[in-house]
Amino acid sequence: MSSPDPSSLIERVTLHEEVTNRLRDMIVSLRLRPGERIQEMEVAQLLGVSRTPVREAIKVLTAEGLVELLPLRGAIVKVFSAKDARDMLEVIALVESYAGELACQASQEKIDEILEMHRQMQVFYEARERPAYFALNQRIHDALIALADNDTLSMTHATLSKRMRSLRYSGNATPENWSAAMAEHAQMMEALAARDGRALSRIMGEHIRNTWPRIKDVVN
């Protein structure tokens, strides 16, 4: 058997990743709600693909903890209890607090990149472009964790953040909550720009813990 064409493999991986990202976004934005069954054929038709990459995406999202596979019901969007949410937020807060201390030791170039992302996020906030704001918000958090240069820390944060993404997205549904979250991000950036690791650690932890009051009404 001849070797596969490398270009076809790249296209397949790209399609798989794109379908996974699109399906994840549908869950995060609550187009697919907690407890709802994921209809493979409907999703495939919506995205203009076959069922195969949809099935592969479901496997990835199951591993991430966003989807559950149940007997007789198939794939459903994971339902998190109030305790699940609070437990995950507490661990994320601890992870981000620790990362905040280390982030301020990074190079000026990397710090400037995050500050620029924040400025762009401010533009999205002022334009009330919530999906774009939220996507960049997540990138900022991931970038701050990356500054700690700790693979285990990054892996733990990535796993929990993906599971909490839809709940955190819903937390900014009201203007008051969104404004408060944006103000906390501004404080984080002030501490980062000043290389004040102690302040950044405290603010990042408080920012995550403040998520619970914003989401508690939408958690089962």
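Put simply, the side chain of Asn137 never gets that close to the backbone of Tyr133: no donor and acceptor are under 3.5 Å apart. Between the side chain of Arg195 and the backbone N or O of Leu192 there is no donor-acceptor pair closer than 3.5 Å. Judged by distance alone, with hydrogens and angles left aside, the side-chain atoms of Asp112 form no donor-acceptor pair with the main-chain N or O of Glu109 at under 3.5 Å. In this structure, Ser161 contributes its side chain and Ala158 its backbone to no donor-acceptor pair below 3.5 Å. A donor-acceptor pair is defined here as one N or O able to donate and one able to accept, closer than 3.5 Å; such a pair exists between the side chain of Arg37 and the backbone of Arg73. Within the 3.5 Å criterion, the main-chain N or O of Thr174 finds no donor-acceptor partner in the side chain of Arg214.
Across Pro213 and Lys216, no two heavy atoms sit closer than the pair O-CG, 3.7 Å. For the residue pair Arg165 and Val28, the shortest heavy atom distance occurs at CG-CG2, 3.6 Å. Considering every non-hydrogen atom in both Trp212 and Ala85, the closest pair reads CZ3-CB, 4.0 Å. In terms of heavy-atom proximity, Glu36 sits nearest to Arg31 at OE1-O, 4.0 Å. Pairing each heavy atom of Asp196 with each of Ala199, the nearest pair is OD1-N, 3.1 Å. Annotation for Ile203 and Glu184: closest pair CG2-O, 3.8 Å, computed over non-hydrogen atoms.
The neighbour count for Arg139 CZ, taken as heavy atoms of other residues, nucleotides or ligands under 6.0 Å away, does not exceed 12. Within 6.0 Å of atom CZ in Arg198, 12 or fewer heavy atoms from other residues, nucleotides or ligands are found, so the atom counts as exposed in its surroundings. For Arg55, the CZ atom sits in a packed shell: over 12 heavy atoms of surrounding residues, nucleotides or ligands are nearer than 6.0 Å. Counting heavy atoms of neighbouring residues, nucleotides and ligands inside a 6.0 Å radius, atom OH of Tyr98 does not exceed 12 of them.
Atom CH2 of Trp178 and atom CE of Met182 lie 9.5 Å apart (nearest 0.5 Å). Within the model, atoms CE of Met117 and CG of Asp142 stand 9.0 Å from one another, a figure rounded to the nearest 0.5 Å.
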Under the salt bridge (Lys or Arg N to Asp or Glu O under 4.0 Å) rule, what do Arg119 and Glu116 come out as? Steps first, then yes or no, please.
CA-CA 5 Å; Arg119 283 189 282 270; Glu116 179 56 35; 3.0 Å; yes
Test side-chain contact (heavy atoms from CB on, under 4.5 Å) on Val60 and His16; report intermediate values, then the result.
CA-CA 10 Å; Val60 172; His16 170 218; 3.5 Å; yes
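Annotation: side chain of Leu167 is not in contact with side chain of Thr211 (no heavy-atom distance under 4.5 Å).
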Under 3.5 Å, side-chain donor or acceptor atoms of residues 145-155 against the rest of the protein: list the pairs with distances, not counting sequence neighbours.
unit_1: Asn150; atom_1: OD1; unit_2: Thr152; atom_2: N; d: 3.1
unit_1: Asn150; atom_1: OD1; unit_2: Leu153; atom_2: N; d: 2.9
unit_1: Ser154; atom_1: OG; unit_2: Asn150; atom_2: O; d: 3.3

Atom pairs and distances, donor-acceptor, side-chain atoms in residues 87-97, under 3.5 Å, two or more places apart:
unit_1: Asp87; atom_1: OD2; unit_2: Lys83; atom_2: NZ; d: 2.7
unit_1: Glu90; atom_1: OE1; unit_2: Arg209; atom_2: NE; d: 3.3
unit_1: Glu90; atom_1: OE2; unit_2: Arg209; atom_2: NH2; d: 3.0
unit_1: Glu96; atom_1: OE1; unit_2: His141; atom_2: ND1; d: 3.0
unit_1: Glu96; atom_1: OE2; unit_2: His141; atom_2: ND1; d: 3.0
unit_1: Glu96; atom_1: OE2; unit_2: His157; atom_2: NE2; d: 2.7
unit_1: Ser97; atom_1: OG; unit_2: Ala93; atom_2: O; d: 2.8
unit_1: Ser97; atom_1: OG; unit_2: Ser201; atom_2: O; d: 3.3

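A donor atom on one side chain and an acceptor atom on the other are found under 3.5 Å apart for Glu126 and Gln122.
Grouping the Ile, Leu, Val, Met, Phe, Trp and Tyr side chains by contacts below 4.5 angstrom, directly or via other members, places Met189 apart from Leu102.
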